[in-house]
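Beneath this line is the structure, given in structure tokens, with notes to follow.
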Amino acid sequence: MSEVSTAAGPGSQLRELGAALQRWADQGVGVVRVLERHGFGTVESGQLVAGTAAGALAGELYRGALADAVGPLAVAAVDAPRTEQAHVSEAGALGAGLACSGGATLLGHPLPAPQAAALGAALERGVPAALVSTADGAGALVLTGPDLADVHGALGTPELGSAGVEAARRLLRRGATATERVAVEGGELLIDLWVPVPSVLVVGSGAIADALLAQAALLGWHGRQETHLAETQAAVAAFTDADVLVLLDHDPAFDAVLVEGLRAGRGFLGALGSRHTQTNRRERLLAAGVGEAELSALHGPVGLDLGARAPAETAVSIVAQVIAARSGRAGTALAASDGRIGG
């Protein structure tokens, strides 16, 4: 038994894990999560391994350093919840790329088909998701969507379920992937929350492209630059809802990228250009068969009206619109809004 490699990056790994959960949902799925840890140095939150009774595995814990314990536990967890202690020596930890040795209490528990399918779809599509369970794994629920509004499963009692939903949504307001144990009235919960990190594809070159990549890095987002059509098409074809396209190149050849992206309906699609450029692009897209409803998803000219002039200011206006769109906000001044401040 082996775990999925992280060579393609954490975003790709989560998509693979999500796809596996959807494939296996009706077969019976066991998941393994970190209930408690000691050592290892700084490690990523939201680590999860899923398995089937036949021994198929997806996901990873601590760069595979705990594979000897995780694999059998995931298989056994298909039938019933259980915990297991695991330890990694200094040599084993360093060999796996961890900072130091450590130990962990692992929780394995079944993930019923509706929860497995819902979590898998969210991870594969790149939208926020949370897995909430009792600390003993006896009950589990999954929350999905930008505000974790869609709830699947239960935690035993309505009161415990409500506490779990509120705790997960409160954690979401921090805006980052997290793993936490939370004490609530009636028990203790384990929450794994996944908040996808935006990946920005800048198509074109020049000062604005450089500023966009710098702004993305400042925010902790992934950034990538392309100038060729084929590579751009391949990248957009693999988009999730967390991905962002900013088209700077006005070459009509890149209309094909927008057509494909709009029809796929995933991610944030933005295009720079004057009003005249936008009008011409719109006419070409309509002529290519793109409908009005599909065109409404294209942000062009991309960016909020901040009065930006310099390339760095333009980059700020663009990422500000991305943030607003991801949060379901209009991008208005806080003083003119009565909504929650800070998400």
Side-chain angles (χ1 to χ4, degrees), residues 11 14-15 17-19 21-22 25 29 31 33 45-46 48 50 109-134 139-182 184-199 221 239-244 264-269 293 296-297 299 320-332 334 337-343:
L14 282 178
R15 289 195 293 272
L17 175 59
L21 283 168
Q22 293 176 87
V29 175
V31 294
R33 306 156 69 198
S45 298
L48 179 76
H109 65 85
L111 193 61
Q115 289 96 305
L119 179 60
L123 294 179
E124 191 272 333
R125 190 173 178 100
V127 299
L131 172 57
V132 184
S133 75
T134 52
L141 60 81
V142 167
L143 294 80
T144 61
D147 299 315
L148 301 183
D150 300 322
V151 182
H152 314 264
L155 290 182
T157 68
E159 294 76 17
L160 199 56
S162 295
V165 169
E166 175 56 32
R169 290 174 180 167
R170 185 168 57 249
L171 193 59
L172 176 66
R173 290 198 281 272
R174 300 182 189 174
T177 295
T179 296
E180 283 201 6
R181 288 178 71 172
V182 179
V184 298
E185 185 174 352
E188 188 177 31
L189 305 177
L190 175 62
I191 303 175
D192 280 302
L193 170 71
W194 294 273
V195 179
V197 176
S199 178
W221 298 359
F239 262 22
T240 71
D241 282 2
D243 296 316
V244 177
R266 291 192 171 191
F268 177 102
L269 305 179
S296 66
H299 303 274
Q321 187 179 32
V322 172
I323 293 170
R326 283 170 55 84
S327 303
R329 299 295 180 89
T332 57
L334 286 173
S337 169
D338 58 3
R340 180 191 295 274
I341 296 176

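- Annotation: side chain of Val132 is not in contact with side chain of Val165 (no heavy-atom distance under 4.5 Å).
- For the residue pair Thr179 and Gly46, the shortest heavy atom distance occurs at OG1-N, 2.8 Å.
- Nearest heavy atoms, Ala242 versus Pro196: CB-CB, 3.5 Å.
- The residue from Val127, Leu17, Leu131 that alone fulfils the side chain to side chain contact (heavy atoms under 4.5 Å, CB included) condition with Trp194 is Leu131.
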Going through the checks in order, is the side chain to side chain contact (heavy atoms under 4.5 Å, CB included) test met by His152 and Thr144?
CA-CA 8 Å; His152 314 264; Thr144 61; 3.7 Å; yes
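- Using modelled atom types, no side-chain atom of Arg181 and backbone atom of Glu188 make a donor-acceptor pair closer than 3.5 Å.
- Judged purely by atom type and a 3.5 angstrom limit, Arg33 uses its side chain to pair as donor or acceptor with the backbone of Leu190.
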Just do the side chain to side chain contact (heavy atoms under 4.5 Å, CB included) check on Arg326 and Phe268 with the steps written out, would you?
CA-CA 8 Å; Arg326 283 170 55 84; Phe268 177 102; over 6 Å; no
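- Within the 3.5 Å criterion, the main-chain N or O of Leu189 finds no donor-acceptor partner in the side chain of Thr134.
- Taking all atoms of both residues into account, the shortest heavy-atom contact from Ala116 to Leu111 is CA-CD2, 3.7 Å.
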Using the rule given for side chain to side chain contact (heavy atoms under 4.5 Å, CB included), can you reason through Arg125 versus Thr240, listing the C-alpha separation, both sets of side-chain angles and the distance that settles it, and then say yes or no?
CA-CA 5 Å; Arg125 190 173 178 100; Thr240 71; 5.5 Å; no
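- Distance CG/Leu143 to CD/Gln115: 10.5 Å, rounded to 0.5 Å.
- No donor-acceptor pair closer than 3.5 Å links the side chain of Glu159 to the backbone N or O of Gly186.
- Taking both residues in full, the closest heavy atoms of Val182 and Ala167 are given as CG1-CB, 4.4 Å, listed atom of the first, atom of the second, then distance.
- The pair Glu180-Arg174 meets the salt-bridge criterion, since a charged nitrogen lies less than 4.0 angstrom from a carboxylate oxygen.
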Could you walk me through whether Leu148 and Leu193 satisfy the side chain to side chain contact (heavy atoms under 4.5 Å, CB included) test, starting with their C-alpha distance in whole Å, then the side-chain angles of each, then the deciding distance to 0.1 Å, before giving a yes or no?
CA-CA 10 Å; Leu148 301 183; Leu193 170 71; 4.0 Å; yes
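- Of all non-hydrogen atoms in Ala168 and Ala130, the two that sit nearest each other are CB-CB, 4.1 Å.
- Between Ser133 and Leu155, the closest heavy-atom pair is CA-CD2, 3.9 Å.
- In this structure the side chain of Leu48 reaches within 4.5 angstrom of the side chain of Leu119, judged on heavy atoms.
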